[in-house]
Amino acid sequence: MRIVVTGGAGFIGSHLCEFFIEKENDVICIDNLITGSLSNIKSIRDNPRFTFINHDVSRFISIKGDLDWILHFASPASPIDYLKYPIQTLKVGALGTHNTLGLTMAKKAKYLLASTSEVYGDPLISPQRESYLGNVNTIGPRGVYDEAKRFAEAITMAYHRYHSVNTRIVRIFNTYGERMRMDDGRVVPNFICQALRGESLTVYGDGEQTRSFCYISDLIQGIWRVMQVEDYEPVNIGNPKEITIIQFAERINEMVGNKCGIVFKPLPEDDPRVRQPDIKRARIIFSWMPEVRLEDGLRKTIEYFKNKVYHNKD
Ligand code: UDP
């Protein structure tokens, strides 16, 4: 297959590029590197099956030759990133999705949209199943990401319904692993790097808010499975094992052997109180379940950040 991955130099995008290169596909990675990095794709950069294009997909995209799949993963995706790049976040979710759908139609290819649990906003039900319509503050600081992704889902379904484009929508819940950026502000890199530096872990709010963490290899398997089935409705991909942020901090301090405990910091505006995917649809439609235990995924992720923190290495 010949596959385009937008955002292919980002955390999730680079794992996808690597996965498809290993399966002997041709991969075209498009990224404008505002939050992605060339170091994420260094293991595949010289592979003849791999092409990197430095381009902002919010602008018209031109690719020569046939394509089989377009996987749209380009977007700032951590709260501090989309607060730093609010307009780019809205544009890549809206114009970028429009352009990538147009490319898909022109090439008669298939399309997969990376959506997010953020479409549920600060959810009033838990766990969140796909039929839940969400509780998003359109004008709050996270609205730029949440609404961009909600629009992206709407236009993807419109292209499916009105232009018969073969589409998939994956709602990705908190995912972690190697190649997260040390400074992306998310809880996993923050806590691990603080613990490795022997600092107190910064818990926002009372730390009783919950998240459910999925290891990157489980997510990639889930995406691969979605691509095998003809199902156009959104599907949650995430790990349903829920944990409070305080428990998460304690777990990381214990694993790293950090004695500095935690400090409380103000809770960011509109920070969701709970988040836990209902993954029944994924189980029924394509028999997917996450397999990696939090301890095992964290152990690998800690090793990755050790190199970064102690040796400043990619
Ligand atoms: N969080 C925290 N300390 C940090 C970074 C994040 O307590 O140093 C909290 C944050 O307030 C949220 C949760 O951890 O409740 C997950 O935050 P993250 O930025 O990873 O992603 P989100 O799930 O909010 O999109």
Side-chain angles (χ1 to χ4, degrees), residues 10-12 35 73 75-86 89 93 114-123 126-128 134-137 140-150 170-216 219 236-253 256 258 260-277 294 297-298 301-302 305 309:
F11 161 50
I12 296 176
T35 57
F73 279 72
S75 178
S78 80
I80 64 160
D81 282 348
Y82 46 77
L83 294 185
K84 189 168 168 196
Y85 302 110
T89 303
S115 185
T116 167
S117 54
E118 281 285 323
V119 299
Y120 303 121
D122 188 2
S126 203
Q128 295 81 50
N135 178 39
V136 172
N137 176 5
R142 299 172 87 108
V144 296
Y145 184 59
D146 303 8
E147 290 302 330
K149 289 293 188 182
R150 289 169 70 95
V170 177
R171 291 186 181 150
I172 300 171
F173 282 65
N174 293 66
T175 301
Y176 69 99
E178 297 89 330
R179 304 205 193 112
M180 293 187 96
R181 247 182 34 242
M182 236 185 352
D183 63 350
D184 87 355
R186 280 188 276 208
V187 69
V188 173
N190 272 16
F191 281 3
I192 294 180
C193 294
Q194 288 162 349
L196 290 170
R197 292 191 189 105
E199 298 166 3
S200 305
L201 274 50
T202 52
V203 171
Y204 299 161
D206 60 9
E208 291 301 323
Q209 69 272 32
T210 67
R211 292 294 185 273
S212 314
F213 297 98
C214 182
Y215 186 61
I216 182 71
L219 174 76
N236 291 337
I237 299 279
N239 192 317
K241 202 162 176 352
E242 192 182 21
I243 182 170
T244 69
I245 293 302
I246 285 210
Q247 288 168 337
F248 190 58
E250 285 164 352
R251 180 82 59 91
I252 287 181
N253 271 338
V256 174
N258 182 33
C260 289
I262 59 177
V263 284
F264 291 98
K265 299 270 178 183
L267 188 70
E269 199 180 332
D270 292 334
D271 196 285
R273 282 303 293 169
V274 291
R275 185 177 290 148
Q276 184 189 24
L294 187 60
L298 280 179
T301 311
I302 289 168
F305 281 114
V309 172

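These values consider heavy atoms only, across backbone and side chains, with no hydrogens, waters or symmetry-generated copies. Order of listing sets the numbers, starting from 1, for every ligand and every atom in it. Bear in mind that the values here come from a model prediction, so they are computed numbers and not experimental data.
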S.K.: Identify the protein heavy atom lying closest to atom 20 (O) of ligand 1, giving its residue, its atom name and the separation to 0.1 Å.
M.R.: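 Checking every protein heavy atom, the shortest distance to atom 20 (O) of ligand 1 gives Val187 N, 2.8 Å.
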
S.K.: Given 3.5 Å as the limit, does a donor-acceptor pair link the side chain of Glu147 with the main chain of Val144, or not?
M.R.: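 Checking the backbone N and O of Val144 against the side chain of Glu147, no donor-acceptor pair under 3.5 Å is found.
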
S.K.: Does Asp271, backbone or side chain, put an N or O under 3.5 Å from an N or O of ligand 1?
M.R.: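 Min N/O separation from ligand 1 is below 3.5 Å for Asp271.
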
S.K.: Please list the nearest protein heavy atom to atom 16 (C) of ligand 1 with its residue and the distance rounded to 0.1 Å.
M.R.: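 Here the nearest protein heavy atom works out to Arg211 NE, 3.6 Å.
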
S.K.: Give the numbers and elements of all ligand 1 atoms closer than 4.0 Å to a heavy atom of Asn174.
M.R.: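 Counting atoms of ligand 1 from 1, those under 4.0 Å from Asn174 are 21 (O), 22 (P), 23 (O).
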
S.K.: Is Val203 close to Phe248 at the side-chain level, that is, under 4.5 Å between some pair of heavy atoms?
M.R.: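 Answer no - side chains too far apart.
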
S.K.: Considering non-hydrogen atoms of the protein only, which is the closest contact for atom 13 (C) of ligand 1, and what is the distance?
M.R.: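 Going by distance alone, atom 13 (C) of ligand 1 is nearest to Ile245 CD1, 3.6 Å.
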
S.K.: Take Arg273 and Glu208, measure what side chain to side chain contact (heavy atoms under 4.5 Å, CB included) needs, and give me the verdict at the end.
M.R.: CA-CA 8 Å; Arg273 282 303 293 169; Glu208 291 301 323; 3.7 Å; yes

S.K.: Just by modelled atom types, is the Cys260 backbone N or O under 3.5 Å from a matching donor or acceptor in the Ser200 side chain?
M.R.: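 Yes, Ser200 side chain to Cys260 backbone: donor-acceptor pair under 3.5 Å.
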
S.K.: Under 4.0 Å, heavy atoms only, figure out whether ligand 1 is touched by the backbone of Thr202, its side chain, both or neither.
M.R.: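 Both of them.
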
S.K.: For Leu267, is at least one N or O under 3.5 Å away from an N or O on ligand 1?
M.R.: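 In this structure, Leu267 places no N or O atom under 3.5 Å from an N or O of ligand 1.
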
S.K.: Within this structure, what is the CG-CZ distance for the pair Asp184 and Phe11, rounded to the nearest 0.5 Å?
M.R.: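 Answer for the CG-CZ pair, Asp184 versus Phe11, is 9.0 Å.
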
S.K.: Measuring only between side-chain heavy atoms, which start at C-beta, is Pro127 closer than 4.5 Å to Pro240?
M.R.: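 Sidechains of Pro240 and Pro127: no contact.
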
S.K.: Do Tyr120 and Arg171 have a side chain donor and acceptor closer than 3.5 Å?
M.R.: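 Side chains of Tyr120 and Arg171: pair found under 3.5 Å.
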
S.K.: May I ask whether Gly185 has any heavy atom positioned less than 4.0 angstrom from an atom of ligand 1?
M.R.: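 A heavy atom of Gly185 does come that close to ligand 1.
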
S.K.: Which ligand 1 atoms, with their elements, are less than 4.0 angstrom from a heavy-atom of Val203?
M.R.: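 Taking each heavy atom of Val203 in turn, ligand 1 has 7 (O) under 4.0 Å.
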
S.K.: Please state whether Phe191 comes within less than 4.0 angstrom of ligand 1, counting heavy atoms only.
M.R.: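 Checking ligand 1 against Phe191, which is what was asked, there is a heavy-atom contact under 4.0 Å.
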
S.K.: Does Arg275 reach ligand 1, in the sense of a heavy atom lying below 4.0 Å from it?
M.R.: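 Checking ligand 1 against Arg275, which is what was asked, there is a heavy-atom contact under 4.0 Å.
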
S.K.: I'd like the name of whichever of Met180, Arg186, Arg142 reaches closest to atom 24 (O) of ligand 1 through any heavy atom.
M.R.: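 Going through Met180, Arg186, Arg142 one by one, Arg142 has the nearest heavy atom to atom 24 (O) of ligand 1.
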
S.K.: If you count the atoms of ligand 1 from 1 in the order shown, which ones are under 4.0 Å from a heavy atom of Pro79?
M.R.: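 Near Pro79, the atoms of ligand 1 are 19 (O), 25 (O).
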
S.K.: Does a side chain donor of either Asn135 or Asp122 reach within less than 3.5 Å of an acceptor in the other side chain?
M.R.: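 Short answer, no.
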
S.K.: Looking just at side-chain N and O atoms, do Asn239 and Tyr176 make a donor-acceptor pair shorter than 3.5 Å?
M.R.: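 Side-chain D/A pair, Asn239 to Tyr176: absent.
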
S.K.: So, taking the atom named OG1 in Thr210 and the one named CD in Glu242, what distance separates them when rounded to the nearest 0.5 Å?
M.R.: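 Reported to 0.5 Å precision, the distance equals 3.5 Å.
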
S.K.: Do NZ/NE/NH1/NH2 and the carboxylate oxygens of Glu118 and Arg142 come within less than 4.0 Å?
M.R.: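 Salt bridge flag = yes for Arg142 with Glu118.
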
S.K.: Counting heavy atoms only, which part of Glu118 comes closer than 4.0 Å to ligand 1: side chain, backbone, both or neither?
M.R.: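 Contact part for Glu118 vs ligand 1: side chain (C-beta onward).
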
S.K.: Does Gln209 reach ligand 1 with a nitrogen or oxygen that is under 3.5 Å from one of the ligand's nitrogen or oxygen atoms?
M.R.: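 Checking ligand 1 against Gln209, an N or O pair does fall under 3.5 Å apart.
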
S.K.: Atom 2 (C) of ligand 1: which of Phe173, Tyr82, Tyr204 has the nearest heavy atom?
M.R.: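 Nearest heavy atom to atom 2 (C) of ligand 1 lies in Tyr204.
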
S.K.: Mind checking whether Leu201 contacts ligand 1 via backbone (N, CA, C, O), side chain (CB onward), both or neither, at a 4.0 Å heavy-atom cut-off?
M.R.: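 Neither; no heavy atom under 4.0 Å.
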
S.K.: In this structure, is the centre-to-centre distance between the rings of Phe173 and Phe213 below 6.0 Å?
M.R.: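 Not under 6.0 Å, so no.
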
S.K.: With heavy atoms under 4.0 Å as the rule, classify the contact between Glu208 and ligand 1 as side chain, backbone, both or neither.
M.R.: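 Contact part for Glu208 vs ligand 1: neither.
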
S.K.: Give a yes/no verdict on whether any heavy atom in Gln194 is under 4.0 Å from an atom of ligand 1.
M.R.: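 For ligand 1, residue contact (heavy atoms, under 4.0 Å) with Gln194 is absent.
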
S.K.: Out of all atoms in ligand 1, which are within 4.0 Å of some heavy atom of Asn190? Include the element for each.
M.R.: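 Here the atoms of ligand 1 in question are 4 (C), 5 (C), 8 (O).
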
